[in-house]
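Structure first, commentary second.
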Protein chains: 2
Amino acid sequence: MQNHKIPDETVHRLPVYLRELLTLQEQGIEKLSSQELADSLGCGCYQVRKDLSYFGRFGKRGVGYTTEILIREILNILKLNVPQKAALIGIGNLGLAILRYTGFGKYNFRITAAFDSDGKKIGQIIRNITIEDIKKIRTLKRRSVRIAILATPEAAAQQIADELVEAGVTSILNFAPCNIKVPKNVQVRNIDIAMELACLPFMASE
Amino acid sequence: MQNHKIPDETVHRLPVYLRELLTLQEQGIEKLSSQELADSLGCGCYQVRKDLSYFGRFGKRGVGYTTEILIREILNILKLNVPQKAALIGIGNLGLAILRYTGFGKYNFRITAAFDSDGKKIGQIIRNITIEDIKKIRTLKRRSVRIAILATPEAAAQQIADELVEAGVTSILNFAPCNIKVPKNVQVRNIDIAMELACLPFMASE
DNA sequence: ATCTGTGAAGCTGTTCACAGCT
DNA sequence: AGCTGTGAACAGCTTCACAGAT
């Protein structure tokens with residue numbers, strides 16, 4: 001029930017539990033067992049209990065979990081109990097889609113800064129966010145933005161990543177279709193749609 | 001060097017190797033060692049060799065790998081040596097970004113069908129693809145499309161997923177912010193940007 | 001009786017060390 | 001000498017079985 005040596009997989013499943021719990025809560029479910037949550041997710045109830053057990057005891061033996069409490073606890077664990085600010089870099093097709101997406105609020109995330117290098121885009125306001133010149137990335141430090149979503153073309157990605165690190169960013173969600181190199185105290189999560197697609201034909205054939 | 005019992009992680013790394021190899025090839029690199037590829041990717045050379053060893057012997061001892069051969073072999077393994085067709089469902093912000101993206105061709109992927117339920121979008125042509133009525137999903141069977149990219153809102157996702165399975169789709173890349181249930185012979189890969197973001201604050205704090 | 005929390009067993013994936021080619 | 005390919009050791013994650021709480 002305590003710190004360090006928490007599987008990475010566990011951390012990645014917590015948001016999925018959270019998403020499902022929020023949905024179940026909307027449906028009026030106030031209490032549930034690990035079995036019920038697991039069924040709803042299509043995973044094992046052992047998995048759910050083990051994952052939660054790394055962080056504390058949130059259920060009652062013989063009874064189960066209270067939806068609301070579990071949601072609050074997972075928000076706490078993930079540090080989503082406090083509002084999280086994120087910067088978005090690269091307002092192309094994908095960047096624009098992300099900027100317009102309204103589903104982050106549930107998780108206490110807000111995109112508070114958006115950057116592009118294209119003069120025609122700079123100054124435009126989208127969802128209350130003014131697109132800024134990419135040269136202003138360094139201002140993220142004093143605006144205490146520690147999370148960045150990188151949605152630039154490949155050619156710009158590494159340089160921007162360096163600038164983000166320089167500006168004090170500690171986590172990068174990288175949508176650029178390439179590897180980026182960062183100091184090892186900086187978290188990077190890569191999402192390249194082509195990479196995901198490329199696995200499918202093999203996987204479908206066992 | 002042969003079949004079955006190939007780690008899932010290995011399959012997911014192959015496209016990443018491929019992407020890097022294509023980049024290195026563009027830079028004029030015709031031969032490389034597992035060490036060089038690993039350095040370029042920021043992973044271990046053991047990993048690269050072990051992953052490849054599940055599928056065959058593609059290098060020469062004492063020498064290394066030929067970029068071109070390795071690219072071709074990985075394309076073969078992933079079945080990307082033949083053109084792969086994908087359908088896109090949901091032409092919202094994200095769907096539109098995916099439809100406009102031109103980076104899939106490198107991996108022999110082409111989006112050959114796009115669907116939406118919005119009458120204003122149906123009939124529009126984007127990148128040579130005519131957006132069709134979502135009611136026509138069943139035609140995917142005779143058009144032999146086995147891969148679908150699901151980019152609908154949450155509310156529609158499960159029903160569309162059912163229709164896709166019904167239409168013979170065997171792999172779904174799911175961008176809808178929810179779980180979808182499918183028969184277990186159907187592959188699903190979930191990408192929810194909010195889920196990825198939600199891990200970051202915790203991970204940044206170790 | 002029921003359901004959680006958890007040590008231990010079992011399994012899967014990674015790292016290593018080195019044999020085998022070139 | 002240099003680099004691949006791979007069995008074996010190791011590490012990490014998942015599943016299990018059950019003790020403990022209600």
Side-chain angles (χ1 to χ4, degrees), chain A residues 1-14 16-17 21 24 29-74 77 184 199 202-203 206, chain B residues 1-17 21 24 29-71 73-74 77 184 199 202-203 206:
Chain A
M1 133 204 188
Q2 70 288 21
N3 269 6
H4 277 108
K5 217 69 303 275
I6 290 158
D8 230 58
E9 283 84 346
T10 293
V11 180
H12 281 93
R13 279 189 295 264
L14 289 181
V16 180
Y17 297 161
L21 285 163
L24 293 169
I29 290 166
E30 289 173 7
K31 299 174 147 288
L32 40 56
S33 64
S34 58
Q35 182 71 68
E36 291 167 317
L37 179 54
D39 288 349
S40 184
L41 285 164
C43 69
C45 66
Y46 304 120
Q47 184 94 83
V48 171
R49 294 209 302 279
K50 176 59 98 177
D51 283 340
L52 294 173
S53 80
Y54 288 112
F55 303 97
R57 300 168 176 201
F58 308 123
K60 282 213 196 339
R61 299 186 176 201
V63 180
Y65 302 89
T66 304
T67 315
E68 192 187 339
I69 294 175
L70 199 47
I71 288 170
R72 190 165 57 239
E73 292 291 353
I74 295 176
I77 294 163
K184 59 185 166 319
C199 295
F202 177 87
M203 308 230 306
E206 235 103 344
Chain B
M1 155 227 162
Q2 71 284 36
N3 269 5
H4 276 107
K5 218 67 305 279
I6 289 159
D8 232 57
E9 282 85 348
T10 293
V11 180
H12 280 92
R13 279 188 295 262
L14 289 181
V16 180
Y17 296 161
L21 285 164
L24 293 171
I29 291 166
E30 289 173 6
K31 300 174 145 286
L32 39 58
S33 65
S34 59
Q35 182 70 66
E36 290 167 318
L37 179 54
D39 287 350
S40 184
L41 284 164
C43 70
C45 67
Y46 304 119
Q47 186 94 82
V48 171
R49 293 209 303 278
K50 176 61 99 177
D51 283 341
L52 294 173
S53 79
Y54 289 112
F55 302 97
R57 300 170 177 199
F58 308 123
K60 283 212 197 341
R61 297 186 179 201
V63 181
Y65 302 90
T66 304
T67 315
E68 191 187 343
I69 293 175
L70 199 47
I71 288 171
E73 292 292 352
I74 296 177
I77 294 163
K184 60 183 164 323
C199 295
F202 177 87
M203 306 229 307
E206 234 105 349

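The model shown is predicted, which means the values in this text are computed figures rather than measured ones. In what follows, chains are A, B, ... by sequence order, proteins preceding strands, each numbered from 1.
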Hey, does the side chain of [X] come within less than 4.0 Å of [N]'s phosphate (OP1/OP2), counting only N and O?
X: B:Ser34; N: D:dC3; value: no
X: A:Arg13; N: D:dT14; value: yes
X: A:Gln47; N: D:dT15; value: yes
X: B:Arg49; N: D:dT4; value: yes

Return yes if the base of D:dG5 and the side-chain atoms of B:Arg57 contain a donor-acceptor N/O pair under 3.5 Å, otherwise no.
-> no
Kindly say whether, by distance alone, the side chain of A:Arg61 makes a donor-acceptor pair under 3.5 Å with the base of D:dG20?
-> yes
Side chain to side chain, A:Ile6 and A:Phe55, heavy atoms closer than 4.5 Å = yes
Should B:Leu14 and B:Tyr54 count as side-chain neighbours, where that means a heavy-atom distance under 4.5 Å?
-> no
Rounded to the nearest 0.5 Å, how far apart are CG of A:Leu37 and CZ of A:Arg49?
-> 11.5 Å
Starting at the 5' end of DNA chain C, which residue's closest nucleotide do you reach first, B:Val63 or A:Gly59?
-> A:Gly59
Which residue lies more 5' along DNA chain C, comparing B:Asp8 with A:Gly62 via nearest heavy atoms | A:Gly62
When you check the gap from the basic side-chain N to the acidic O, do A:Arg72 and A:Glu68 get nearer than 4.0 Å?
-> yes
